[in-house]
Amino acid sequence: MNIRDPKVRAYIYGIVLAAIPLLQFFRLVPGEAVPLIVNVVTAVLGVGAAGLALPNTPTTQTDGKHEL
């Protein structure tokens with residue numbers, strides 16, 4: 001499983017967001033913890049997206065402008 005693949009991240013988001021109401025229903029997670037869980041999952045999965053920027057950002061400049 002490659003976390004840099006947008007389809008994989010979307011699948012994980014779907015699983016987590018579907019599991020949260022179930023965990024609340026069975027009283028395994030308190031309601032005030034839901035935003036924290038979503039923030040942690042977003043931060044962890046966001047690392048994959050941020051990691052894509054570095055290899056795809058040009059490092060050389062010509063005439064003061066980035067090459068496209």
Side-chain angles (χ1 to χ4, degrees):
M1 177 168 44
N2 185 1
I3 200 165
R4 290 184 179 184
D5 185 8
K7 291 180 183 179
V8 172
R9 289 195 311 271
Y11 178 77
I12 294 171
Y13 278 126
I15 295 295
V16 170
L17 295 179
I20 288 174
L22 290 173
L23 293 172
Q24 279 188 304
F25 179 77
F26 291 111
R27 297 181 183 188
L28 298 172
V29 173
E32 48 283 342
V34 171
L36 299 173
I37 294 169
V38 172
N39 285 341
V40 168
V41 170
T42 302
V44 169
L45 294 178
V47 170
L52 291 175
L54 185 59
N56 295 315
T57 303
T59 57
T60 59
Q61 292 181 337
T62 57
D63 299 331
K65 298 179 182 177
H66 287 289
E67 293 180 5
L68 297 176

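Keep in mind that the numbers below use all heavy atoms, side chains included, and drop hydrogens, waters and symmetry copies.
Leu28 and Val38 fall within a single hydrophobic cluster, where Ile, Leu, Val, Met, Phe, Trp and Tyr are joined by side-chain heavy atoms under 4.5 Å apart, directly or via other members. Placement of Val8 and Val16 within a single hydrophobic cluster is found when ILVMFWY residues are connected by side-chain heavy-atom separations under 4.5 Å, directly or transitively. Residues Leu23 and Phe25 share a single hydrophobic cluster, defined by chaining ILVMFWY side chains whose heavy atoms lie under 4.5 Å apart. In the hydrophobic clustering of ILVMFWY residues, with side-chain heavy atoms under 4.5 Å counting as a link, Ile15 and Phe26 come out apart. No continuous path of hydrophobic side-chain contacts links Leu36 to Val41 [ILVMFWY only; heavy atoms under 4.5 Å].
Atom-to-atom distance recorded for Ile12:CD1 and Thr42:OG1 is 11.5 Å, nearest 0.5 angstrom.
Gln24 and Val34 get closest at one heavy-atom pair: NE2-CG2, 3.4 Å. Across all non-hydrogen atoms, the minimal contact from Ala33 to Val29 is CB-CG1, 3.9 Å.
Around the OH atom of Tyr11, the shell of radius 6.0 Å holds no more than 12 heavy atoms that belong to other residues, nucleotides or ligands.
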